[in-house]
Structure formats: C-alpha cells, structure tokens
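Have a look at the structure below before the remarks.
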Amino acid sequence: MTINLKERFGYFLNNRWLVFVAAMWIQTCAGIGYLFGSISPVIKISLYYNQKQIARLGVAKDLGDSVGFLAGTLCEILPLWAALLVGAIQNFIGYGWVWLIVTRRTAPLPLWAMCILIFVGTNGETYFNTAALVSCVQNFPKSRGPVVGILKGFAGLGGAILTQIYAVIHSPDHASLIFMIAVAPAMVIIALMFIIRPVGGHRQVRPSDGLSFSFVYSICLLLASYLMGVMIVEDVVDVSQNVIVIFTAILFVILIIPIVIPIYLSFTQEPRVVPEEEALLSQSGDQGPGRSEHDDGQDIIFSEVEEEKPKGVDLLPALERQKRIAQLQVRLAQAAAEGAVRIKRRRGPRRGEDFTLVQALIKADFWLMFFSLLFGSGSGLTVIDNLGQMSQSLGYENTHVFVSMISIWNFLGRIGGGYFSEIIVRDNAYPRHAAMAIAQVVMAFGHFFFAMGWPGAMYIGTLLVGLGYGAHWAIVPAAASELFGLKNFGALYNFLTIANPAGSLVFSGLIASSIYDREAEKQAQLPHEGPLNLASVLTSFLNMDEPLKCEGTICFFLTSLIMSGLCIVAAVLSMILVYRTKTVYANLYGRSRT
C-alpha cells in the first residue's frame, strides 16, 4: 500500500510518541517552582523584605505548586489545550506582575498580595503537569510507569534547564530571570498545546515500543549526566560567554533528539493495523484500570467470582488461573440465568475501575497511598528545603553543589522508579507499591547518614534521599491510575499531591525548624570565651536580630532520625497496600504475561 506525504504527515500529527515528546518539553516548564531560590534574593533586595517575609512567599510557592484541584477539574471539563492555556495565562500574569513590581514599573503591593501573585504564577505549572500526565497515561495505558517517571523527571530537571538557558542571556539585571519565568513557559505552551491530547494510543502499540523507551531512557541519562557536568565545569572554571552559549546549544540538541522517534515511525514505517491485538488491548483496557461502569452484568458476575473462587487460585500460573476463573464465570452465569444463584448488585466501582474523587476518599487503599506519600515524600522535601543549612552545619561552604546534586538524583529517581516499578508490574503482576516500599527504605538509610554526619555522609545521604524522593513521583501517579481509573485521574492525582506540602509543613516547618532553633539557642547560650569588651558587646547588640546559626551534627541529628523512622512507617503502609491489592494486580496484568 502506497502512502503519500500528506497521509504520512497526518500519521505524524496523530502519533502518540509525538504527544509524549511534546509533553516532555512542556514538563520542563513545570519545574519553575525550583527556581524560587534563584529569584528570591532579587525580590528581597528590591522590596526590602526580611527572611520571614521571603519564607512566606516560599510557602505560597509550595502551595501553588501542589494545590491542583482546579487544574484537575478543568482537565476533565475542558479540552487539554484549553487547560494548558489557562495555566500559561496564570503563569504569565503571576510572575509577569511580580517582574513589573520588582523592576518598579508598577506600584508595589502588600505582602499578602505578593503571596497571591506567587501562588497564581506557580499554580500554572499544575495545569502543565496534569495535562501532560493525563494525555500520556491515556495514550500509553500499558506503559504507565515509564511514561510517568520520564515526564516527572523532566519536571524535576526544569529548573536546571531554565537556569542554563538564562545563563546565555548574561544580564546584569537579575530581575530578568523573573521575566524569563513569566514569558518562556507561555511561549512553549502556546506552541505545543494543540499536540497534547489523547490520540487512541492503545491502537498504536508496536513491537518496537520497548526499543523506543530504551532510546528515551538513554537520552534522559545523557541529559542528566550532561547537566551535572556543565554545572561542575561552570562552578569550578570561569568559562567565557561563548562557551556557555555552546553548552546551551548542545543542551537544546539533546532535548530535541527524542523527536526522531515519531518521525521515524510515521515516515519510514507502514501504519500498523492489527485488529486482533487491538481487540485484546481494548478488552484488557476495559477490564483493567479504568474499566467502564456500564458493563453491569459482567461486573456482577466478576463480583461473585471474587467471592466464590477458591483461595489457591491466585497462586496458580497466569494461564491456569484465567482458565479456572473463566470456568467459574460460566457456571455462575448459568446458575444466575436458571435462578439457582441470587446475584447481588454491588454499590460503587471496584478497585481498577473508574472512581470519582468522592468515591476514592472513602476507600482505605486511597488513604494508605496518601499517608505513605505524606511520610515518604514529606521527609524528602524536608531535606530539600533544609539542605543549605544542613550542609552549612557540617562545615561545607559550597552548599549549592548539594542542591544541584539532589535535583539530578531526584530526576534519576523518577526515571528509575518508573522503570523498575514497571518491571515489577509487567513481569510479575505484582503491586507497584512494592517498588515504593523499597524506595522508602532507601530514604530511611539516607536520613540515617544525615543524622550520623560522618565524613562524606552528605554526599551519600543526598544520593539516597534524592533517588527515593524522586521515585515517589513516578510510582504514585501510575498506581493511582491503575487502582482508581483514568476517567478522573486529574482530580485524584492533584489530591494526592497535597501530601507533599502537608508533609513539608509539619516536618520542616514544625519539627526540623524547632529542633534547629533549640540547638542554635543552646550554642548561643554557651559562656563567652575571652575578655568582655565594648567591641564584643556592640557586635552582639548589632547582630541580635540575625537568625541564630547551629553548627555540628547535633543540629539535624534528631530531625534526621525522626525522618528515617517516618520512612519506615511509610514503607510499612506501602506493604499493607501491596498485600491488599495483590489480587487486583494479578487480574489486571496476569493476562499480559501469557
């Protein structure tokens, strides 16, 4: 069959890999919250804020980054391009107005109004995140782990990518970074928003998909390694502006390379139509995650099968298990038709079907997932928020190295979490949260290293916590879509993300800060060494408003041990969820192993 260029171009525009690559680029704009540490100094200087006022802006940023109820709702009501446009407008207005105020092009606003602007601007990225995840999870229903991990990984690297692009501008006016944050995401979204949509991805499955994912993983590892190398070189060596431009040009080339996949599939391969495979995929999709609620008869029989099947069935090989269940379904259907069995109609969906947010909120599995995420990711975010003080207390002067390192490990954790959790699900038909429990145990060891403060412990702790924290954001969205369906995925996902700032508020805002201040006060109350003269008295008086500093491993010893314990609790909750959902995953993915 001969296909002309126009048809080839049509296949290209409707290729699910094109949607995936565009979503990766959009996700680089969903990491603008990571740049707050870079723009807060210029806001502080320009508006004469103190550290407490900047901290309040930081809280507004965290809330904007995590509160995505509106984004989740609009992604269910509006076309995804419209939701993306709303997010771009919010981002442009919020940070654009902040830029006007900082550059004194408009009148300054009170602190509460600035908090609103920061919240509105950062909240725009929840639209980018939700639209990208919803479209790609629907287009890749059988590869949710890798897809979510890669997309969330690009969001984690967004700050480093935008920082490198800003380095090319080389503007002495640091407020221009705020301008770039306001304008650049809007430009990217407007250019790509019509590409982000479901395109019937389950009908585009190819044997080469595994190779395509391997290629994307290779690009991700190359990108992470390249950014790490560039950061080290720019930090150690005083490079010229021309070298920075070359570095950034290479970065753009690496980011563009994945477009090769949809181009190759669309322009060199014949369109693949496999009715039998399509039917099987559609059937498994209907009976798997996000199954429709309209198949009442089948649902009723399935409900009775769960109650009537022998206990040892789930331990059988997948092919034998399906055979036994099919035989039981036939017997129940015949008995129901003859009136010998009274079929009970159940209320609400079962795990693996489409839940609304209200229906999910009354399920124990949903709250197990939520609190496991709260303890795990909350402890990780506590480290990220306090990494500067932690490294300073241990005597490290170059603290931003650890900040850069944890962003890279966070990225690799998201990539790896999606990859390994998919192996657990695909090859073993085992719950995805088993990978989450492993990640949380890894984080517990990382917090323990922070507590001990041994030589080199900062590097090891940063590695372990960064990897474990990143894995959460690849595993949880995929697991939520599997257990509670795709139909209302946006609302469910954005509710779960509340666990992140909630954990940070309690663990960082209350526990870590209180313990740090208490230890700093103890050190400040030590007897004064040396003669008490007028100079020392004046110095103490002039510095009385400065925040106290704590030095030594004691500053975060107790906090890190508490965080380690919370990660163990999170791992236990994850394993409880694994135990409760083993049958669900065996039914959802056991078929794919035969």
Side-chain angles (χ1 to χ4, degrees), residues 25-47 49 53-54 56-132 155 158-159 161-163 165-166 169 171 173-194 196 490 494 497 501:
W25 294 339
I26 283 179
Q27 283 295 87
T28 61
C29 300
I32 54 178
Y34 293 104
L35 290 173
F36 181 77
S38 299
I39 66 174
S40 57
V42 68
I43 295 176
K44 184 176 183 180
I45 294 172
S46 300
L47 302 181
Y49 282 171
Q53 291 171 313
I54 290 295
R56 291 174 185 173
L57 291 181
V59 171
K61 182 267 298 180
D62 289 337
L63 289 174
D65 192 19
S66 301
V67 178
F69 288 123
L70 184 58
T73 303
L74 288 182
C75 283
E76 295 173 7
I77 299 173
L78 300 176
L80 292 182
W81 67 264
L84 285 169
L85 184 60
V86 171
I89 292 172
Q90 276 195 210
N91 178 81
F92 180 75
I93 291 176
Y95 281 104
W97 203 332
V98 170
W99 175 74
L100 291 174
I101 292 172
V102 168
T103 56
R104 291 177 169 73
R105 287 175 168 84
T106 188
L109 296 176
L111 179 62
W112 63 267
M114 290 294 294
C115 288
I116 291 176
L117 289 179
I118 293 291
F119 173 87
V120 170
T122 311
N123 190 247
E125 69 182 65
T126 63
Y127 294 83
F128 311 157
N129 226 328
T130 305
I161 292 171
L162 292 175
T163 299
I165 295 173
Y166 173 71
I169 301 174
S171 172
D173 178 17
H174 293 290
S176 57
L177 177 59
I178 304 176
F179 180 79
M180 191 190 79
I181 293 173
V183 174
M187 295 173 62
V188 173
I189 296 302
I190 291 173
L192 301 174
M193 63 185 183
F194 292 111
I196 304 299
N494 282 294
T497 59

- Message: Can you pull out every ring pair (Phe, Tyr, Trp, His ring centres under 6.0 Å) where at least one residue sits in residues 73-93? Sequence neighbours excluded, please.
- Response: Trp81-Phe194
- Note on the structure: Minimal heavy-atom distance between Val42 and Ala175, with the atoms involved, is CG2-N, 4.1 Å
Validation: residues 112-123 side-chain donor-acceptor distances under 3.5 Å, sequence neighbours left out:
| from | atom 1 | to | atom 2 | distance (Å) |
| --- | --- | --- | --- | --- |
| Thr122 | OG1 | Tyr95 | OH | 2.6 |
| Thr122 | OG1 | Ile118 | O | 2.9 |
| Asn123 | OD1 | Gln90 | NE2 | 3.3 |
| Asn123 | ND2 | Gly64 | O | 3.0 |
| Asn123 | ND2 | Val67 | O | 2.6 |

- Task: Please round to the nearest 0.5 Å and tell me the distance separating atom CG of Leu70 and atom SG of Cys75.
- Result: 9.5 Å
- Task: Working to the nearest 0.5 Å, report the span between OG of Ser46 and CD1 of Ile101.
- Result: 11.0 Å
- Item | By side-chain contact (heavy atoms from CB on, under 4.5 Å) - contacts of Thr73 (at least two apart) | Ile77
- Task: List in chain and number order the residues that pass side-chain contact (heavy atoms from CB on, under 4.5 Å) with Ile45, two or more places apart in sequence or in another chain; answer none if no residue qualifies.
- Result: none
- Return the set of residues passing side-chain hydrogen bond (donor to acceptor under 3.5 Å, both in side chains) with Asp65 (not counting sequence neighbours), or none when no residue passes. none
Close side-chain approach of [X] to [Y], heavy-atom, < 4.5 Å:
X      : Y      : value
Val102 : Ile43  : yes
Ile189 : Leu85  : no
Asn91  : Tyr127 : no

- Query: Between the side chains of Thr130 and Asn494, is a donor N or O closer than 3.5 angstrom to an acceptor N or O?
  - Reply: yes
